[in-house]
There are 2 protein chains.
Amino acid sequence: MATTGQAAGGRGDARLTERGIYTAALRLIDADGVGALSMRKLAGVLGVNPMSLYHHVPNKAALLRGVKNLVAAQFQPRVDGGTWQEQLGRFARDFRALAHRHPNLIVHSLGSPDFIEPEDPFWTGLTDILDSAGVPAAEVAPVGAVLTSLFSGFLLAEGNGALGRLAAMQPAPAKAASTAAAGVGADSDSSFEFAVQTLVAGLEARLS
Amino acid sequence: MATTGQAAGGRGDARLTERGIYTAALRLIDADGVGALSMRKLAGVLGVNPMSLYHHVPNKAALLRGVKNLVAAQFQPRVDGGTWQEQLGRFARDFRALAHRHPNLIVHSLGSPDFIEPEDPFWTGLTDILDSAGVPAAEVAPVGAVLTSLFSGFLLAEGNGALGRLAAMQPAPAKAASTAAAGVGADSDSSFEFAVQTLVAGLEARLS
DNA sequence: ATGTCAGCCATACACTGTATGGCTGCTGCT
DNA sequence: AGCAGCAGCCATACAGTGTATGGCTGACAT
């Protein structure tokens, strides 16, 4: 074991890597949330001194950005054919699937201003769809910004449980079990579909 | 000055009050953000020992909830006449106005699961409007939850600057200065109007 | 008059992010 | 081959965090 006690902590990497740090941090975040992530715990998992991390990452904020970018890079929207409505729906679904894989990270990242970076495939994919929907070039960015904000709100609320709590609230005193017209259940999936269809329909109306 | 050095810190209150603690905390939050709020700083402003706060507030999380409830109580939506579309618009505008008065608090609270409490005038006001819009009773809660989530996302993005950053992004390489059809500028106000009208139009479409 | 307790305070603990500086072994240059 | 430099790692230390524990004081009810 010599002097360095690296052991079996860091995925078998003897050397410390920026990438390795991010993936280890992601595992910790997935397990216990970003609130429970500390430089010391992360270093412990990697079998390394806390200060060693600072030779690969300038500070904790940058570490979180790095982790976020790591999972953001996994987002490959499939912008094949179909109407722009279908494309937008697929896009939203893909993004939500990614969010579901790392809910803790997403809930934290969506609250930060720098969530979306200029060159993200997310942003370019969205602007492409809006462009093909006929949104004037000068308005693609503002419209995309609004849609992103709204949709982020949904994912955030779904991720932290606020959506579920609200949806389960007082089903009105009078009649309780009348599953009537619009077709929205209290479960996450139908809430999601409702949100997407509302946004799409709203955009449709604003474009004609 | 005797033994207690309260001085002119706590707004002149000699005795420490739960309410007084909340308002002092709110001032600190408005000034420097919730990240800069610490029990010690708060106690300092109130001219009091940090541990004294714990006789009125169980912990910091509860303190933040209390501050949030303090400003939430200021929200009195005017649900007078008009179509439900107009009511919803007014409602959103009123809520945004409140958010603008305490942006730092709102940006933090919107990221927390317990932002909306069951008996908030916010929730009852919204459900009333949805009810009068013809949303089936059993779906008022789910629909309200989705709308709240979406709208919260907008306010969050507006508050933390993400909205502005995204809206100002690459106006498409080709033509830059053609202020065409749909009427969305990059400024916050027109983004807000666009968001509200999109949501209203989307809901309209989903209800017919 | 006395016991009780609310309100306040002092101390202390575990924990956070990170600045500073020292050691070591690999690197490229001469 | 030898040597300078530096990347990578570590130990120590500092300021700051939330809060548990226990002691003091003065008012108030009995």
Side-chain angles (χ1 to χ4, degrees), chain A residues 1-26 28-29 31-68 104 108 112 114, chain B residues 1-26 28-29 31-68 104 108 112 114:
Chain A
M1 53 182 69
T3 55
T4 52
Q6 33 70 279
R11 203 65 165 199
D13 307 25
R15 270 296 177 283
L16 208 48
T17 317
E18 188 179 343
R19 176 77 178 245
I21 291 177
Y22 292 152
T23 67
L26 179 57
L28 285 187
I29 290 173
D32 303 322
V34 315
L37 174 69
S38 80
M39 302 303 266
R40 286 174 168 87
K41 274 193 205 120
L42 178 55
V45 162
L46 288 165
V48 108
N49 185 284
M51 292 314 290
S52 301
L53 303 175
Y54 286 89
H55 277 258
H56 303 263
V57 160
N59 52 45
K60 193 181 183 181
L63 186 152
L64 289 173
R65 266 204 317 272
V67 174
K68 180 211 61 170
N104 294 337
H108 171 268
S112 300
D114 56 344
Chain B
M1 53 182 72
T3 54
T4 52
Q6 31 73 278
R11 203 63 164 203
D13 307 24
R15 270 298 177 280
L16 210 47
T17 317
E18 188 178 346
R19 177 77 179 246
I21 291 178
Y22 292 151
T23 67
L26 180 57
L28 285 187
I29 290 173
D32 303 321
V34 315
L37 174 69
S38 79
M39 301 304 264
R40 285 173 168 85
K41 275 193 203 118
L42 178 55
V45 161
L46 288 166
V48 109
N49 185 282
M51 292 315 289
S52 301
L53 303 175
Y54 286 89
H55 278 260
H56 304 263
V57 162
N59 51 48
K60 193 181 183 180
L63 187 152
L64 290 173
R65 266 204 317 273
V67 175
K68 181 211 62 169
N104 293 338
H108 172 268
S112 300
D114 57 345

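Convention: sequence-line order gives letters A, B, ...; per-chain numbering from 1.
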With no angle test and no hydrogens, is the base of C/dG7 tied to the side chain of B/Arg15 by a donor-acceptor pair under 3.5 Å? no
Regarding the side chain of A/Arg40, the nearest nucleotide among C/dC8, D/dT19, C/dT16 is C/dT16
Interatomic distance, NE2@B/His55 vs CD1@B/Ile21, rounded to 0.5 Å, equals 10.5 Å
Any side-chain N or O of B/Ser52 under 4.0 Å from OP1/OP2 of C/dG7?
no
Numerically ordered, the residues 56-67 of chain A set in heavy-atom contact under 4.0 Å with DNA chain C is A/Asn59, A/Lys60
note: A/Ile21, atom CD1; C/dG17, atom P; distance rounded to Å ~ 14 Å
Output for pair (A/Asp32 CG, A/Asn104 CG), nearest 0.5 Å, gives 8.0 Å
Sorted by chain and number, sequence neighbours left out, side-chain contact (heavy atoms from CB on, under 4.5 Å) with A/Ala62 holds for A/Val57, A/Pro58, A/Asn59, A/Arg65
For A/Leu37, which contact category applies under a 4.0 Å heavy-atom criterion: base, sugar-phosphate, or nothing? sugar-phosphate
note: B/Leu42, atom CG; D/dT19, atom P; distance rounded to Å ~ 13 Å
Just distance, no hydrogens or angles: give the donor-acceptor pairs under 3.5 Å from side chains in residues 33-51 of chain A, sequence neighbours left out.
residue, atom, partner, partner atom, Å
A/Ser38, OG, A/Arg40, N, 3.4
A/Ser38, OG, A/Lys41, N, 3.0
A/Lys41, NZ, A/Ala36, O, 2.9
A/Asn49, OD1, A/Met51, N, 2.8

In whole angstroms, the gap separating P of C/dT16 from CG of A/Asp32 amounts to 12 Å
Q) Is there side-chain contact between A/Thr17 and A/His56, with at least one heavy-atom pair below 4.5 Å? A) no
On the nucleotide C/dC8, are OP1 or OP2 found under 4.0 Å from the side-chain N or O atoms that B/Asn49 carries?
no
Taken to the nearest 0.5 Å, the spacing of A/Glu18 CD from A/Leu63 CG works out to 9.0 Å
Donor-acceptor pair, side chain of B/Lys68 and main chain of B/Asp114, under 3.5 angstrom
yes
Interatomic distance, OH@A/Tyr22 vs CD1@A/Ile29, rounded to 0.5 Å, equals 11.5 Å
Polar atom pairs (N or O), protein with nucleotides 20-22 of chain C, under 3.5 Å:
none

Taken to the nearest whole Å, CG/A/Leu53 to P/C/dT16 is 13 Å
Taking D/dT17, D/dC9, D/dG18 as options, the one with an atom nearest any side-chain atom of B/Lys41 is D/dT17
